[in-house]
Amino acid sequence: MQEQIITKNQCKICDEKSCAVSALKEDELELMSRNSSQVHFQEEEMIFKQNSPASHIIFIKQGLVKEHMSGPNKKDQILKIVKGPAFLRVASKLKYNINSYSATTLTESKICFIDIGVFKDLLFKNSSFSYEVLISVCEDGLYCFDKFVNQTQKHIHGRLADALLFFSSEIYNDSHFTLPITITELADLIGSSRESVSRCLQTFKKEEIIGFNGQKICMNILDKTKLQIISKAG
DNA sequence: GCATTAACCACAG
DNA sequence: CTGTGGTTAATGC
């Protein structure tokens with residue numbers, strides 16, 4: 001039984017502010033502080049669950065989170081891996097009151113729960129804030145389009161290369177990193193089967209494009225250029 | 001037709 | 001959970 005520590009928020013002095021929150025004025029920050037709270041999550045804890053009522057806007061202060069959804073055949077699909085600082089569920093929450101997907105932490109994380117009423121108030125009151133939120137929602141949308149097209153048109157090699165490059169450049173900024181997910185999850189992320197991913201990783205290894213070992217896979221991208229070529233070629 | 005790609009299954013570690 | 005081998009269905013040349 002692990003205890004979650006809820007801390008009263010001090011948005012004003014928070015150093016993990018999103019661009020949007022930076023646009024808030026002093027009194028608005030104060031308002032957000034009073035109506036949000038920060039929760040410490042361990043790794044592999046669910047933040048919210050698909051089909052359950054959504055209560056708050058989520059802000060990932062720090063940590064890695066996967067957004068995932070199970071389809072009609074009950075297979076889990078990873079929609080996106082998000083690194084804090086980032087807002088979650090804005091699109092879903094403003095429109096519906098039910099979570100259309102789930103979110104689970106991949107690492108220990110600091111998560112803020114922001115009251116939806118207050119969030120909406122701020123959207124109306126402060127246009128710079130709204131604009132920044134809009135930007136992040138747009139980016140999200142574009143990312144989806146991008147992923148949709150890549151997913152549809154590329155072969156496994158390309159999709160896997162995409163994912164590896166994503167972790168390397170978007171998440172870790174390093175060619176050497178430990179994969180935060182299992183092979184099975186990696187398959188769920190790129191819309192493939194674990195067997196295919198496993199085989200494909202072996203191929204990359206044989207061609208000395210990547211190196212890896214261990215249960216929690218330590219990845220080392222040896223030939224980034226080649227990986228980019230594979231990614232492009234699909 | 002034949003080759004390739006990749007999913008599904010089964011089984012082992 | 002992961003790796004492997006066999007099977008199979010779809011698609012391409």
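Just so you know, these numbers use all the heavy atoms, side chains as well, and skip hydrogens, waters and symmetry mates.
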Phosphate contact (C/dG3 OP1 or OP2) by A/Ser198 side-chain N/O below 4.0 Å: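 Affirmative; the distance criterion is met.
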Write down the protein N/O and nucleotide N/O pairs, taken from nucleotides 7-11 of chain B, whose separation is under 3.5 Å; answer none if there are no such pairs.
from, atom 1, to, atom 2, distance (Å)
B/dA7, OP1, A/Ser192, OG, 3.4
B/dA7, OP2, A/Ser192, OG, 3.2
B/dA7, OP2, A/Ser193, OG, 3.1
B/dA7, OP2, A/Ser196, OG, 2.5
B/dC8, N4, A/Arg199, NH2, 3.4
B/dC9, N4, A/Glu195, OE2, 2.8

Within a 6.0 Å radius of atom NZ on A/Lys75, are there more than 12 heavy atoms belonging to other residues, nucleotides or ligands?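 Above 12, so yes.
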Presence of salt bridge, A/Arg34 and A/Glu30, under 4.0 angstrom: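 Between A/Arg34 and A/Glu30 there is a salt bridge, with a charged N closer than 4.0 Å to a carboxylate O.
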Going by an N to O cut-off under 4.0 Å, is there a salt bridge joining A/Glu185 and A/Arg194?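 Answer for the salt bridge query: no.
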Rounded to the nearest Å, what distance is computed from the [atom1] atom of residue [X] to the [atom2] atom of nucleotide [N]?
| X | N | atom1 | atom2 | value |
| --- | --- | --- | --- | --- |
| A/His157 | B/dT5 | NE2 | C1' | 9 Å |
| A/Lys205 | C/dT2 | NZ | P | 14 Å |
| A/Met219 | C/dT2 | CE | C1' | 14 Å |
| A/Glu185 | C/dT2 | CD | P | 8 Å |
| A/Lys154 | B/dT5 | NZ | C1' | 17 Å |
| A/Phe212 | C/dG3 | CZ | C1' | 10 Å |
| A/His155 | B/dT5 | NE2 | C1' | 7 Å |
| A/Asp76 | C/dC1 | CG | C1' | 15 Å |

Do the side chain of A/Ser109 and the main chain of A/Thr107 share a donor and acceptor less than 3.5 angstrom apart?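 Yes; at least one donor-acceptor contact below 3.5 Å.
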Measure from NZ or CZ of A/Lys80 to the centre of the six-membered ring of A/Tyr143 and say whether it is under 6.0 Å with the direction within 45° of the ring axis.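 Yes - A/Lys80 lies over the ring of A/Tyr143, closer than 6.0 Å to its centre and within 45° of its axis.
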Check the interface with nucleotides 8-10 of chain C: list each N/O to N/O pair with the protein under 3.5 Å, or write none.
none

Quick check, are the ring centers of A/Phe119 and A/Phe129 under 6.0 angstrom apart?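 Ring centres of A/Phe129 and A/Phe119 closer than 6.0 Å.
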With ring centroids as reference points, do A/Phe177 and A/Phe212 lie under 6.0 angstrom apart?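 Judged by ring-centre distance (under 6.0 Å), A/Phe177 and A/Phe212 do not meet the cut-off.
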Same cluster or not: A/Ile57 versus A/Leu134, using hydrophobic residues (I, L, V, M, F, W, Y) connected whenever any side-chain heavy atoms lie under 4.5 Å apart?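 No, A/Ile57 and A/Leu134 fall in different hydrophobic clusters.
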Tell me, with the steps shown, if A/Asn220 and A/His176 meet side chain to side chain donor-acceptor pair (under 3.5 Å). CA-CA 4 Å; A/Asn220 194 4; A/His176 192 269; 4.5 Å; no
